[in-house]
Amino acid sequence: CHPHFPSHETLTTLGQTAPPPQMVAGIGEAVAAMGLPCWALVPLAVAAAATILFVLDGLTFTAVLKPRGSPPVIRTWPLVGGMAQFLKGPMGLMANAMPKYGEVFTVPVFHKRITFLIGPKVSEHFFKAKDSEMSQKEVYEFNVPTFGKGVVFDVDHNTRAEQFRFFADSLKSNRLREYVGMMVKEAEDFFGKWGDEGEVDLLDALSELIVLTASRCLLGREIRETLFAEVTTLVHDLDKGMVPLSVFFPYAPIEAHRKRDKARKDLAAIFDKVIQARRESGASEPDVLQTFIDARYKDGTRLTNDQVLGMLIAVLFAGQHTSSITSTWTGLLSIANKDRVMPVLEQEQKQIMQKHQGAIDFDILAEMDELHYAIKEALRMHPPLIMLLRQCHVPFKVTTTEGKDYVVPKGHIVATSPAFAHRMDGVFKDADEFRPERFHPSEDKPEFASFIGFGGGRHGCMGETFAYMQIKTIWAILLRNFEFELVGKLPEPDYEGMVVGPKHPCTIRYKRRKL
């Protein structure tokens, strides 16, 4: 039984017992006497079952069925109310619920319960818990149709741990040094095609560049040089196949899912040829694709060609949107505060250019502290992933800042929100202001889980360094070659997407110049 649905014994203790056989027979005789066929009872039975579920769901708000000491459950329509609020937008749900219920509260969504932990004080266990206590697999299984079978969220914990080792191997510093060279070339070629002055939609432009860079560093030379247009179209269909409905019904028969499944099949056919050609020729390339081809489990077995593709898709989806969105916000917020922020960023570039004769490599990017703070502050204000999820396997106690203790029951989905927590009073001073200097070493160090733009704890993002290097490369080149101004107002976040970026338009005006 679900923890919120009573067992037969529970119903008996509530004074309700199963109907005796004589009663069942009597009902059958009464129906026959009225001349009704048995199938006529079906609508009545469905209505009765719905009514019972409605009542039982409502009782989970009360002491009758609500687990002892568990967090408060928000008041909403039974069965469907939580889903309706969730689909309207998690940010609005949290903004409405937190003043009334506090940092810890539960939202009923159909037969499931999602318990929110908002802020660093109550989310520590979320990030530090072992996988046996709180895991990602169950809540992210909706990715399986996209990533494919046998990878990431379609495998057991031990296999997934080994696959994460493959991810880590692809992001070691010696690999990153090679990737930076590719990033610089792609960015210089891309911005070299801009005119002396003009206007661009920054999100569109940087999204295009990120796809080019990802194709070269992740998917491989063959894809970037000969199959880029075809693969980009298929990845787009794969991406658009992940809609809010997919989280709850990943195999629902909708057009977006049909296109997703066809794109996944077509990509498998393309990459099978590329991977097989590399395996047979013994060729070795400095990209993530090669790392996965060469990867071996502890028992010596390797990934199949389709699983190599699945791992690539997982890496691509983890970084493509987040990098394009964060690089866009970094620019928009810096330009919107150009009198205060831009002189600091430009001065840093001047000093580094003089020191290294204008070169850019991994070590030089690592020296760009002010640019690093600007990127981190943009990510604090506008994290692309507004919610992080886990499945609770072991009940745990959580204490709020007001000293209230709750026990989160086994079986609950547990959620925390970087977007909401990063703007909380008391977590960051002047949280609605773009202040990169707040991350200077001289500033007070925030408590654990205050900044969770890259997650934290046991499941912190392994691609964090890659992301910073990618975004630093873009803005180092832009700052050295252009001056900017914002066209129109600073865009608002678009909370309707699965990954949250700025609303269009994101128009900036540029003018070429040498720093």
Side-chain angles (χ1 to χ4, degrees), residues 180 183-184 187-188 191 194 197 200 202-203 205-206 209 322-383 422-423 427-446 450-451 453-454 464-465 467-491 502 506-515:
V180 167
M183 294 173 186
V184 171
E188 287 180 340
F191 296 124
W194 282 15
E197 56 183 289
V200 295
L202 191 60
L203 179 59
L206 297 188
L209 173 57
T322 49
S323 290
S324 59
I325 287 169
T326 302
S327 57
T328 299
W329 278 121
T330 299
L332 292 174
L333 290 164
S334 298
I335 297 166
N337 295 274
K338 63 184 299 183
D339 293 340
R340 177 169 53 86
V341 176
M342 276 298 190
V344 176
L345 298 180
E346 290 174 350
Q347 181 59 31
E348 178 178 66
Q349 288 303 315
K350 286 180 182 178
Q351 293 172 349
I352 289 177
M353 288 172 71
Q354 290 173 358
K355 180 179 178 182
H356 298 287
Q357 292 76 51
I360 298 178
D361 61 24
F362 179 87
D363 294 314
I364 294 170
L365 290 174
E367 294 180 26
M368 299 179 187
D369 292 335
E370 297 298 340
L371 183 53
H372 185 96
Y373 304 145
I375 296 167
K376 188 171 183 178
E377 176 69 345
L379 186 56
R380 180 195 69 81
M381 294 189 72
H382 297 290
H422 285 174
R423 300 292 189 105
V427 178
F428 289 101
K429 184 180 178 182
D430 301 321
D432 291 331
E433 292 184 16
F434 182 65
R435 290 182 47 220
E437 65 273 12
R438 75 171 78 246
F439 291 111
H440 282 200
S442 59
E443 294 288 315
D444 293 336
K445 187 177 180 180
S450 291
F451 178 80
F454 285 103
E464 179 175 352
T465 303
Y468 273 119
M469 292 297 159
Q470 190 174 35
I471 300 170
K472 280 184 175 182
T473 297
I474 290 170
W475 278 103
I477 292 171
L478 285 174
L479 288 165
R480 294 177 181 196
N481 292 283
F482 300 94
E483 58 184 17
F484 302 97
E485 61 180 275
L486 203 58
V487 177
K489 295 181 179 180
L490 186 69
C506 302
T507 309
I508 61 164
R509 186 174 294 115
Y510 66 85
K511 186 174 182 180
R512 193 176 290 274
R513 59 105 174 93
K514 286 294 182 185
L515 193 59

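Every heavy atom of this structure was used, including side-chain atoms; hydrogens, water molecules and symmetry mates were not.
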Could you check whether any side-chain heavy atom of [X] comes within less than 4.5 Å of a side-chain heavy atom of [Y], counting everything from C-beta outward?
X    : Y    : result
Q349 : L371 : yes
R512 : E197 : no
L333 : L490 : yes
F434 : S334 : yes
R340 : E437 : yes
I477 : E188 : yes
V427 : H422 : no
I508 : V487 : no

Kindly assign one of parallel, tilted or perpendicular to the pair [X] and [Y], based on the angle between their ring planes and the thresholds 30° and 60°.
X    : Y    : value
Y373 : H440 : tilted
Y468 : F454 : tilted
W329 : H382 : parallel

Where is the tightest heavy-atom contact between [X] and [Y], given as atom of each residue plus distance?
X    : Y    : value
V180 : L365 : CG1-CD1, 3.7 Å
D363 : D361 : N-OD1, 3.1 Å
D339 : P343 : O-CG, 3.5 Å
S324 : S327 : O-OG, 3.0 Å
A374 : L345 : CB-CD2, 4.2 Å
A431 : R438 : CA-NH2, 4.4 Å

Distance check, rounded to the nearest 0.5 Å: [X] atom [atom1] versus [Y] atom [atom2]?
X    : Y    : atom1 : atom2 : result
L479 : K472 : CG    : NZ    : 12.5 Å
R513 : R480 : CZ    : CZ    : 11.5 Å
I375 : T326 : CD1   : OG1   : 9.0 Å
H372 : I471 : NE2   : CD1   : 10.5 Å
Q347 : I352 : CD    : CD1   : 10.5 Å
I335 : L486 : CD1   : CG    : 6.5 Å

Inset, instruction - Measure centre to centre between the rings of W194 and F484, then say whether the value is under 6.0 Å. - result: no
Legend entry - Validation row, ring centre F451 to ring centre F439 under 6.0 Å: yes
Inset, instruction - Return the set of residues passing salt bridge (charged side-chain N to carboxylate O under 4.0 Å, His left out) with E367 (not counting sequence neighbours), or none when no residue passes. - result: K355
Legend entry - Salt bridge E485-R509, side-chain N to carboxylate O under 4.0 Å: yes
Legend entry - Qualifying residue, where the test is salt bridge (charged side-chain N to carboxylate O under 4.0 Å, His left out) with D430 and the options are R435, R423, R380: R435
